[in-house]
Q: 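The structure that follows is given in the form of C-alpha cells.
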Amino acid sequence: MRSVEEHLQRVLAGVVPLSPLDHTLLDARGCVLAEDVTAPWPLPPFDNSAMDGYAVRVEDVKAASDGKPVVLRVVDDVPAGYRASVPVTEGTAIRIMTGAPMPEGAEAVVPVEWTDGGMPEVTIMRDVAHGAHVRSRGDDVSLGDVVATSGTVLGPREIALLAAVGRGRVSVHPAPRVVILSTGSELVEPGTPLQPGLITDSNGYTIAAAVQEAGAIAYRVGPVPDDAPLLLSTIEDQLVRADMIVTTGGVSAGAYDTVKAVLSRLGTVEFTKVAMQPGMPQGHGFLGPEQTPIFTLPGNPVSAYVSFEVFVRPVLRRMLGHQRIYRPVVRAVLTETLMSPQGKRQFARGHLSVEEGRYVVRPAGGQGSHMLGAMAQANCLVVVPEDVTEVKPGTALAVLRLDEA
Ligand SMILES: Nc1nc2c(c(=O)[nH]1)N[C@H]1C(S)=C(S)[C@@H](COP(=O)(O)OP(=O)(O)OC[C@H]3O[C@@H](n4cnc5c(N)ncnc54)[C@H](O)[C@@H]3O)O[C@H]1N2
Ligand code: MOO
Ligand SMILES: [Mg+2]
C-alpha cells in the first residue's frame, strides 16, 4: 500500500497553473491574478468634495459663527460628474455635492448643515480650516502604484480597486473545467422516486459542489450504469470539454466494477491502494490526446468526498494558480475516544469549535464510509496517524479545516 504523502506527491507531479486568459472583472472573481496591475491614475483622480455644501475660500468664512454669520454670493452649482464653470473668488461660494471636483480657487467645503442652504446667496455659520471636507487627488493611491500583484486572489475588495483604476479586464489563471461522472447501475437522479435496490446519486453532487467550492467549474454528468461500452463512450465524449475528469465508484474488487476495465482503452490510469481510511482504493492517470488528468475515486460517499479533499482539491488549487493549495491545519483536543485502523491514516469527520480559548474537536457521529448524515455534521477532518489505533480524550490531533480555503 502506498502512503498518503506518496500518492499526493504523484498526483501533484507536473501540475502547473492553467495558462493565463483575459477575463472580465466579474468573471475573474475568485481567480488568481496573472499580472501586476499598476494605477494609470491616482485615487482619487482629482480633488473633490467629501460633503454636500459650499466650496469657499478659508479667508472668506474666517470667524463665522451663529452670532456672526457670513453671507457669500453663490456663483455656480456643481453636482458630481460636472465641473464648475467659474472659479471661487473673494466673497463668493459655489454650491457643491459630494464627489464633485473642487472648483478652482476653493480651499475647503462648508457642509450644508452649517449654512442656510441658500441660493443665490448663502449664509454661513461656521468657519473651516484649509482642506476641510476635501478629498485630495492621490490621497489613497498614487499614479503608478502597483495596486495588485500577480498571485492575488480576486475578491470583492480587490475587484473594487481594479475597477477604480479602470481595469475592465484582467489576466487571470482560468478556472479548470471538471467533468464529474458517477458510475453505478444502482444510481438515479435526486427527484426520481426510489425503486427497491436503488439509491440516489449523491457523489455527483458532492464532488460537483466541492469542485465549485474549490473555485473550479463543475460539469456534472448524471449517473452512468455499470456498462463498459456506455462508460467508454461517455468519457470519450466528455474529454473535449474537460481540464480534469473525476469519476466515482467501480474501482474496488466488485464483479461489476467497470471503471478499471474501460480506462486502459483511453489512456494510462494507475490503480492503487492508499494507506488511508476512508479512501483506500484510488486511481489516477491521463486520458486522450490532451493527456487530461483523471481521478477515479472510490464509490462509498464519504470515501469519495475525503479523497477529493485530500488529493483532488490540492491539484485543482494548483491549476488555479493558488500559492496555498492545502486546507488550513490546526491542532485540537479530542473530546471522545476515537478508534482507528492499524496501518492506515484515518481522516475522521469531526466538529471543531473553540472552548475556553482552545480548539476542541468531537467526532461527528458514525465513521462508516456510507454515513452522509454524520458527514454533514462535520466541519473538519481529524487526522489520526497510521500507527495509532486508539486516541483517548484529551489528546491533541491535527485537524484539516473544511470551512476555510
Ligand atoms: N471485497 C472488497 N470489497 C470492497 C473493498 C475491498 O477492498 N474488497 N473495498 C471497500 C472500500 S474501502 C470501498 S471505498 C469501496 C469502493 O468501491 P467502488 O469504488 O468499487 O464503488 P462501488 O462498488 O461502485 O460503490 C461502493 C458503495 O458506494 C455507493 N455509491 C457508489 N456511487 C455512488 C454515488 N454516486 N452516490 C451514492 N452512493 C454511491 C454504492 O452504492 C456502494 O454502496 O469498496 C469496498 N468494497
Ligand atoms: O476507503 Mo473505503 O475507502 O474505506 O470506504
Ligand atoms: Mg458501483
Side-chain angles (χ1 to χ4, degrees), residues 30 175-227 230-231 234-235 237-239 241-252 254 257-259 278-279 281-284 292-317 319-320 327 347 349-351 364-381 400-405:
R177 299 157 304 162
V178 183
V179 167
I180 299 129
L181 251 142
S182 303
T183 71
S185 297
E186 73 278 32
L187 304 173
V188 296
E189 276 291 328
T192 316
L194 265 198
Q195 304 297 329
L198 303 186
I199 57 168
T200 49
D201 168 22
S202 60
N203 287 350
Y205 286 88
T206 316
I207 302 303
V211 161
Q212 289 176 342
E213 194 199 53
I217 297 165
Y219 297 133
R220 192 188 66 88
V221 178
V224 184
D226 293 312
D227 171 285
L230 183 57
L231 184 59
T234 307
I235 294 178
D237 289 350
Q238 293 294 328
L239 268 176
R241 64 167 176 170
D243 296 308
M244 179 192 282
I245 292 187
V246 179
T247 67
T248 68
V251 294
S252 188
D257 289 351
T258 32
V259 171
Q282 296 289 333
H284 172 258
T292 308
I294 177 167
F295 285 87
T296 66
L297 306 183
N300 273 333
V302 180
S303 313
Y305 175 63
V306 169
S307 304
F308 179 91
E309 278 293 332
V310 176
F311 301 120
V312 186
R313 189 176 183 279
V315 170
L316 282 178
R317 301 286 286 181
M319 290 168 84
L320 279 156
R327 294 284 195 186
F347 292 94
R349 279 68 65 209
H351 191 273
Q367 297 292 330
S369 296
H370 60 294
M371 291 185 161
L372 289 179
M375 187 171 95
Q377 308 290 315
N379 62 3
C380 67
L381 296 176
L400 310 185
R401 299 193 66 154
L402 301 172
D403 54 354
E404 284 187 13

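These numbers come from a predicted model, not from an experiment.
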Q: Asn203 and Pro301: which non-hydrogen atoms are nearest, and at how many Å?
A: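 Looks like OD1-CA, 3.2 Å.
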Q: Could you tell me which non-hydrogen atom of Ala214 sits nearest to which non-hydrogen atom of Arg313, and how far apart they are?
A: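 Taking Ala214 first and Arg313 second, the nearest heavy atoms are CB-CG, 4.2 Å.
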Q: If you compare all heavy atoms of Met375 against all heavy atoms of Thr206, which two are closest, and at what distance to 0.1 Å?
A: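 Heavy atoms only, the tightest pair is CE-CG2, 4.3 Å.
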Q: Test side-chain contact (heavy atoms from CB on, under 4.5 Å) on Phe308 and Ile180 and set out the steps.
A: CA-CA 12 Å; Phe308 179 91; Ile180 299 129; over 6 Å; no
Q: Let me see the working for Thr258 and Asp227 under side-chain contact (heavy atoms from CB on, under 4.5 Å), right down to the final yes or no.
A: CA-CA 7 Å; Thr258 32; Asp227 171 285; over 6 Å; no
Q: Quick check: closest heavy atoms across Arg317 and Ala405, and the distance to 0.1 Å?
A: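 Taking every non-hydrogen atom into account, NH2-CB, 3.8 Å.
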Q: Under a 4.0 Å threshold between the charged nitrogen and the carboxylate oxygen, would Glu213 count as salt-bridged to Arg327?
A: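 A salt bridge links Arg327 with Glu213.
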Q: How long is the span from the CG atom in Leu181 to the CG atom in Leu231, to the nearest 0.5 Å?
A: 6.5 Å
Q: Strictly distance-based, threshold 3.5 Å: is any side-chain N or O of Ser369 a donor or acceptor partner for the main-chain N or O of Ser303?
A: no
Q: To the closest 0.5 Å, what do you measure between CD (Gln238) and OG1 (Thr247)?
A: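 It is 12.5 Å, given to the nearest 0.5 Å.
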Q: Restricting to non-hydrogen atoms, name the atom on Phe347 and the atom on Pro278 that form the minimum distance, rounded to 0.1 Å.
A: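 Closest pair (atom of Phe347, atom of Pro278, distance): O-CD, 3.7 Å.
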Q: Taking atom OG1 of Thr183 and atom CG of Asp201, what is their separation to the nearest 0.5 Å?
A: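 That separation rounds to 9.5 Å.
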Q: Applying salt bridge (Lys or Arg N to Asp or Glu O under 4.0 Å), name anything that partners Glu186, two or more places apart in sequence or on another chain.
A: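 Scan of Glu186 (salt bridge (Lys or Arg N to Asp or Glu O under 4.0 Å), adjacent residues dropped) gives none.
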Q: Measure the CE-CG distance between Met244 and Leu316 for me, rounded to the nearest 0.5 Å.
A: 4.0 Å
Q: Please report the interatomic distance OG(Ser182) to CD(Glu189), rounded to the nearest 0.5 Å.
A: 8.5 Å
Q: Are any of the side-chain heavy atoms of Leu372 and Ser202 separated by less than 4.5 Å?
A: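 In short, these two side chains touch, coming nearer than 4.5 Å.
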Q: Can you confirm whether Leu402 sits close enough to Leu381 that some side-chain heavy atom of one is under 4.5 Å from a side-chain heavy atom of the other?
A: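 Yes; the side chains approach each other to less than 4.5 Å.
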Q: Do Pro223 and Val188 make a side-chain contact, defined as non-hydrogen atoms from C-beta onward lying under 4.5 Å apart?
A: no
Q: Would you check if the side chain of Arg349 reaches a backbone N or O of Gln377 as a donor-acceptor pair within less than 3.5 Å?
A: no
Q: Just by modelled atom types, is the Asp226 backbone N or O under 3.5 Å from a matching donor or acceptor in the Ser185 side chain?
A: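 Checking the backbone N and O of Asp226 against the side chain of Ser185, a donor-acceptor pair under 3.5 Å is found.
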Q: Given Ile199 and Leu187, is the side-chain contact (heavy atoms from CB on, under 4.5 Å) satisfied, shown in steps?
A: CA-CA 5 Å; Ile199 57 168; Leu187 304 173; 3.7 Å; yes
Q: State, to 0.1 Å, how close Pro176 and Ala216 come at their nearest heavy-atom pair, and which atoms those are.
A: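 For Pro176 and Ala216, the tightest heavy-atom pair comes out as O-CB, 3.4 Å.
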Q: Only one of Val211, Val312, Ile207 passes side chain to side chain contact (heavy atoms under 4.5 Å, CB included) with Val178; say which it is.
A: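 Of the listed options, the one satisfying the test is Val211.
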Q: How long is the span from the CG atom in Leu297 to the CD atom in Gln282, to the nearest 0.5 Å?
A: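 One gets 6.0 Å once the value is rounded to the nearest 0.5 Å.
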Q: Carefully, step by step, assess Asp243 and Met319 under the rule side-chain contact (heavy atoms from CB on, under 4.5 Å).
A: CA-CA 9 Å; Asp243 296 308; Met319 290 168 84; 4.1 Å; yes
